[in-house]
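Remarks on the structure that follows.
The figures that follow rest on heavy atoms only: side chains count, while hydrogens, waters and symmetry mates do not.
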Amino acid sequence: MSSKSQWTLGHPSISLSVCPTARTRKVLAEFGTLYQQQYGLALFNKVRFEIEGTGGPQSQLLHRKVPLEGRSIFSGAVYQYLEENKKWRIRFLFIPDSYNIECFESKQAHDRGQQPKGVISCAGYKVLTSMDEYLELLNNSLPGVKAKAGGPPFPNSATQFPLLLWHPYTRHYCFCVLTEKEHNKWMAVFQDCIRHANNGLPEDNKVQTPAFTDSVRLYRQHHEQYGTWDMMCGRPPQILANLVMETLVPELRNLIGPRLKGKLYQRQRNWMLILDAVYHQVLCQTQAQYEALVQVSYSGQPQLESSIRTDMDQIITSKEHVTSKIRALVQPKAEQLLKDSVEPDITFILEALMEPTSRGFAEVRDLFFRELTDMSNNIQNDGSREKLGEHMEKVSMLAYHPVKMQSCYDKVEQMNLEGLQQKFDVSSPSVFIQRAQILMREQMDNTVYTFEHLLHQSLSDQEGDEVPKIIQRCLDRVMKKYDYDSSTVRKKFFKEALLQIIIPYMLKQLNPSCAQVSSCQSSTSDLGCPGELPRFRELIFEDFSRFILVENIFEEVVLQSAMKDIMLAVREAAVQRKHNLYRDSMILAQSDPNLHMLEENPPIDWAASYGPQDEGGTGDSAELWRRRRQVVSMILLDDWRHLQNESCMEVPGVDGIREEEEESKEEDKAEEEEDDDQNSDPSPVPDPSPEPGSSPTKSPDSVHEIRGLINPMLEVLVPVSELNNPVLTNGLVLQGEEPKSRHIQDDYSKALLNRLLQKEGEPPAWGSVRQAESRLSAGSGQQEAESERFSGTAMQFAVHQQDDSGFQSPVSEGLEDEGQAITAARKVQPVALDPESVMVTFESGDEESELDPISNV
């Protein structure tokens with residue numbers, strides 16, 4: 001290609017001969033042709049469905065129109081690794097009803113309405129919980145460059161609970177939290193964000209959505225790519241960007257990989273930056289071009305719809321004529337392929353799908369029953385109006401509570417399609433797992449929404465009855481409707497999943513240009529289905545060519561051939577009643593018309609109807625209801641209280657992480673030092689200076705600790721022989737019991753005291769200490785021995801420091817030895833100290849006496 005794109009990433013300058021812009025235009029041009037064809041067909045199917053009105057069984061449960069109106073999913077503080085400065089910092093994450101992750105510097109920045117520092121759209125991401133998983137995926141993205149855990153720019157996690165968001169084409173995000181409870185909650189929230197973002201195509205749009213999905217599928221089939229596609233996730237521009245990157249990334253890897261220079265982490269970092277830059281460039285172009293394509297198609301929709309309604313009968317007749325011709329050619333070979341290669345595997349595939357899915361839907365039923373039973377028991381104990389509103393406010397968002405729903409989702413995660421990857425080209429079961437989880441969440445929300453309306457109606461009509469009895473009657477009624485709808489939804493899911501697995505395999509075998517199985521080459525070459533399809537276009541009038549597509553009719557014939565066996569397998573499973581499926585003969589049509597009339601009513605605001613009546617909304621109860629507008633409750637940890645108002649907190653970065661050669665040298669040096677230590681004094685004096693990477697001094701939290709910073713307490717340990725006859729010649733007064741000794745908490749405190757004494761001189765309070773020591777020295781021999789021990793006793797003095805920002809101060813260098821004696825401290829010059837800040841403790845054996853501060857010295 002003549003045009004080139006160039007990025008400058010640090011020192012290396014990489015020139016790309018592969019132009020993402022030209023590749024995007026090429027892919028979108030081919031996709032646009034397919035989209036315009038499929039748009040006309042999708043519009044025809046929509047109008048025909050409206051006229052004929054054929055459909056499946058009616059749902060028994062009500063559907064919520066706007067599920068998360070005025071709600072947020074979750075918010076809280078986490079550690080985030082910033083690539084710019086290689087630091088871990090505190091970030092406040094807020095997840096609104098759009099399921100995009102908004103990153104703020106602090107909670108105050110969010111509360112003040114400031115714009116987020118970044119927004120993460122989770123479509124296409126994966127949640128990883130270990131650095132090993134992350135490095136394995138990263139190494140696969142650039143073969144030949146192997147990253148090592150703990151090396152730049154892949155830092156050791158600041159805690160033992162990491163959370164990593166990985167995407168094959170764009171930027172990765174590294175988070176970590178403090179506790180396992182937080183880790184489980186954030187992981188469930190992130191997975192729910194990904195699940196929601198991947199389901200980005202609205203099903204209620206009966207024209208654009210089928211036109212888009214069929215166009216993507218046909219585009220990949222034209223490039224010999226059959227089977228499921230994991231990157232069919234997100235909004236249409238994101239899916240198109242993934243479509244472009246699917247073929248562009250291998251070419252970039254082959255072109256750029258050998259040219260990457262520098263250290264290991266520099267090559268990995270440059271590759272990640274290149275992919276992110278290319279992806280965002282492609283995404284911007286697909287966004288603009290897709291919007292233009294949709295606008296052109298939408299502008300011509302009125303004319304197409306008018307033609308369809310005018311010539312509907314003629315179009316249907318012409319399509320049936322062409323379909324009969326293609327069926328006569330295709331169906332015999334398709335049925336033979338089904339009999340030989342597909343039918344033996346249908347039962348195995350269906351069982352692999354039904355077992356975990358049915359367990360997941362059963363868990364949804366049990367979860368709903370447990371929540372309502374607990375609510376009924378609590379209301380029976382405390383039947384206040386506010387209590388009912390409080391419980392219903394929580395139950396109303398049960399389907400969108402990822403932590404509570406996680407037990408249901410975990411059942412489906414056990415889906416195993418081993419053995420299908422090679423034959424049926426199923427890359428992974430993630431497509432079916434996420435689809436089943438979305439259906440489970442919808443069923444839970446429909447069940448809760450139906451219960452809300454039934455309970456609200458019963459409470460208004462039967463105010464004299466007990467609330468627990470009303471709840472039980474509504475619960476029994478809703479459970480029957482859930483069982484029926486659950487069976488209907490699962491059977492539909494099984495049929496769609498089987499079609500997604502089987503039909504691409506059959507199309508690949510029936511297409512001579514894509515047939516790779518030698519046993520099928522003779523039959524497909526004789527059949528020549530796609531090769532002979534163009535001659536059938538001559539049977540279609542030109543005015544109807546926008547609504548009758550030969551390639552789509554060919555796929556419909558193959559689908560109808562497979563649908564007979566699929567329907568038979570699902571029907572047999574329902575008859576066995578192994579997975580609690582209703583038979584097709586059990587159809588409840590219009591069984592409860594009065595209930596469906598409630599669907600048109602506005603959503604019930606339990607907080608306003610049954611919540612506390614606080615005038616002005618300024619009281620504590622009103623604030624409590626406001627916080628309940630968040631689906632998942634926040635976690636407040638004691639260790640994070642002093643960080644809630646801070647914008648960030650630095651954690652040791654990766655600058656101090658050594659390379660492999662440095663680590664080997666350090667290990668050899670450490671072994672030599674260990675050998676020397678074994679031959680030296682076994683009890684060396686500990687070095688009070690902190691080691692690199694050690695935890696800094698903890699910031700004070702209580703009032704007493706802060707008071708100790710302003711007015712530090714000096715404590716001197718003095719041994720005595722008898723507590724009952726203490727020598728108190730300076731007017732000291734005894735206090736209550738204290739611990740026998742207070743160990744030094746901070747080496748920095750001792751060094752600070754020694755420096756203060758050396759600089760300012762000896763305080764006047766030392767006169768009292770001298771008098772007490774001289775009186776004690778005149779005692780018995782035991783007292784003299786204790787006095788000698790006293791001269792070597794360490795002085796203890798604890799000082800906490802905190803700067804204006806609230807973070808721990810760095811530990812100073814050159815601290816004094818831990819065993820600093822009082823005799824050494826007495827040689828310095830006097831310094832004026834507050835007498836009330838000095839406390840002398842006399843210690844003897846298992847008992848001690850503690851004296852009050854000096855009153856007059």
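For the pair S324 and E320, the minimum side-chain heavy-atom distance is 4.5 Å or more. Q225 has its side chain out of reach of D425: every pair of non-hydrogen atoms, C-beta onward, lies at least 4.5 Å apart. Using a 4.5 Å heavy-atom cutoff, the side chains of L329 and F536 are in contact. Annotation: side chain of V207 is not in contact with side chain of Y298 (no heavy-atom distance under 4.5 Å). For the pair R309 and E50, the minimum side-chain heavy-atom distance is below 4.5 Å. Taking the side chain as every heavy atom from C-beta outward, Q303 and S306 never approach each other to under 4.5 Å. Looking at heavy atoms from C-beta onward, L439 lies in side-chain contact with F361 at the 4.5 angstrom threshold. A 4.5 Å side-chain heavy-atom check between V478 and F368 finds at least one atom pair inside the cut-off.
Interatomic distance, E251 CD to R23 CZ, rounded to the nearest 0.5 Å: 4.0 Å. Residue D204 holds its CG atom at 12.5 Å from NZ of K65, rounded to the nearest 0.5 Å. To the nearest 0.5 angstrom, D543 atom CG is 9.0 Å from I315 atom CD1. With rounding to the nearest 0.5 angstrom, the CD atom of E291 is 9.5 Å from the OG1 atom of T286. Between atom CD of residue Q36 and atom OH of residue Y39 there is a gap of 11.0 Å, rounded to the nearest 0.5 Å. How far CZ of F494 is from CD1 of I349: 13.5 Å, rounded to the nearest 0.5 Å.
Here the two rings, on F212 and Y290, have centers that are under 6.0 Å apart. Checked against the 6.0 Å centroid threshold, Y35 and Y219 do not count as a close aromatic pair.
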Let me see the working for Q289 and R25 under side chain to side chain donor-acceptor pair (under 3.5 Å), right down to the final yes or no.
CA-CA 9 Å; Q289 296 185 36; R25 291 175 181 173; over 6 Å; no

Full working for side chain to side chain donor-acceptor pair (under 3.5 Å) between T24 and Q285:
CA-CA 7 Å; T24 305; Q285 296 173 1; 3.3 Å; yes

Tell me, with the steps shown, if H196 and Q191 meet side chain to side chain donor-acceptor pair (under 3.5 Å).
CA-CA 9 Å; H196 181 87; Q191 289 177 344; over 6 Å; no

For V426 and F432, run side chain to side chain contact (heavy atoms under 4.5 Å, CB included): C-alpha distance rounded to whole Å, both residues' side-chain angles, the deciding distance at 0.1 Å, then the answer.
CA-CA 10 Å; V426 179; F432 308 106; 4.2 Å; yes

Checking side chain to side chain contact (heavy atoms under 4.5 Å, CB included) for the pair H167/T170: CA distance, chi angles, key distance, verdict?
CA-CA 6 Å; H167 194 283; T170 187; 3.4 Å; yes

Side chain to side chain contact (heavy atoms under 4.5 Å, CB included) evaluation trace for V244 with Y169
CA-CA 11 Å; V244 176; Y169 305 135; over 6 Å; no

Intermediate values then yes/no, side chain to side chain contact (heavy atoms under 4.5 Å, CB included), Y400 and Y99:
CA-CA 11 Å; Y400 297 92; Y99 283 89; 3.4 Å; yes

Show your working on side chain to side chain donor-acceptor pair (under 3.5 Å) between S121 and Q238 and close with a plain yes or no.
CA-CA 10 Å; S121 177; Q238 293 174 316; 3.1 Å; yes

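No donor-acceptor distance shorter than 3.5 angstrom exists from the side chain of N199 to the backbone of R195, with no hydrogens or angles considered. A donor-acceptor pair is defined here as one N or O able to donate and one able to accept, closer than 3.5 Å; no such pair exists between the side chain of D214 and the backbone of Q38. Side-chain N or O atoms of T450 include one that pairs as donor or acceptor with a backbone N or O of L62 at under 3.5 Å. A distance-only check finds a donor-acceptor pair linking the side chain of N205 to the backbone of Q208 [under 3.5 Å]. S486 places no side-chain N or O within 3.5 Å of a backbone atom of D483 that could act as its donor or acceptor partner. At distances below 3.5 Å, at least one donor-acceptor pair connects side-chain atoms of S561 with backbone N or O atoms of V557. Under a 3.5 Å cut-off, the side chain of T209 and the backbone N or O of P202 do form a donor-acceptor pair. Side-chain atoms of K319 never come within 3.5 Å of backbone atoms of I540 as a donor-acceptor pair (strictly under, hydrogens ignored). Put simply, the side chain of N552 never gets that close to the backbone of I548: no donor and acceptor are under 3.5 Å apart. Side-chain atoms of S358 do not come within 3.5 Å of backbone N or O of E355 as any donor-acceptor pair.
For E555 and R217, the salt-bridge test passes: some basic side-chain N is under 4.0 Å from an acidic carboxylate O. Taking a cutoff of 4.0 Å between a charged side-chain nitrogen and a carboxylate oxygen, E203 and R435 qualify as a salt bridge. Salt bridge E30/K26: absent, no basic N to carboxylate O contact under 4.0 Å. K46 has no carboxylate O lying under 4.0 Å from a charged side-chain N of E305, or vice versa, which leaves the two without a salt bridge. Electrostatic pairing of E52 and R48 counts as a salt bridge here, judged by a charged N lying under 4.0 Å from a carboxylate O.
Across all their heavy atoms, C193 and C122 have their closest contact at CB-SG, 3.8 Å. The two atoms that bring Y279 and A241 nearest to each other are CE1-CB, 4.0 Å, heavy atoms only. Scanning both residues, L353 and M415, for their nearest heavy atoms gives CD2-SD, 3.8 Å. Between A399 and Y409, the shortest heavy-atom contact is O-OH, 4.1 Å. A pairwise comparison of heavy atoms in P237 and L283 identifies O-CD1, 3.7 Å as the closest pair. The two atoms that bring N446 and R64 nearest to each other are OD1-N, 4.3 Å, heavy atoms only.
A side chain to side chain contact (heavy atoms under 4.5 Å, CB included) with I433 holds for exactly one of V412, I438, T357; it is V412. Among M231, K126, E246, the one residue that satisfies the side chain to side chain contact (heavy atoms under 4.5 Å, CB included) test with P168 is M231.
Side-chain contact of Q560 with Q331: a donor-acceptor pair under 3.5 Å is absent, judged by distance alone. Side-chain atoms of Q60 and D485 include no donor-acceptor pair closer than 3.5 Å.
By the neighbour-count criterion of 12 heavy atoms within 6.0 Å, atom NZ of K423 is densely surrounded, having more than that number from other residues, nucleotides or ligands.
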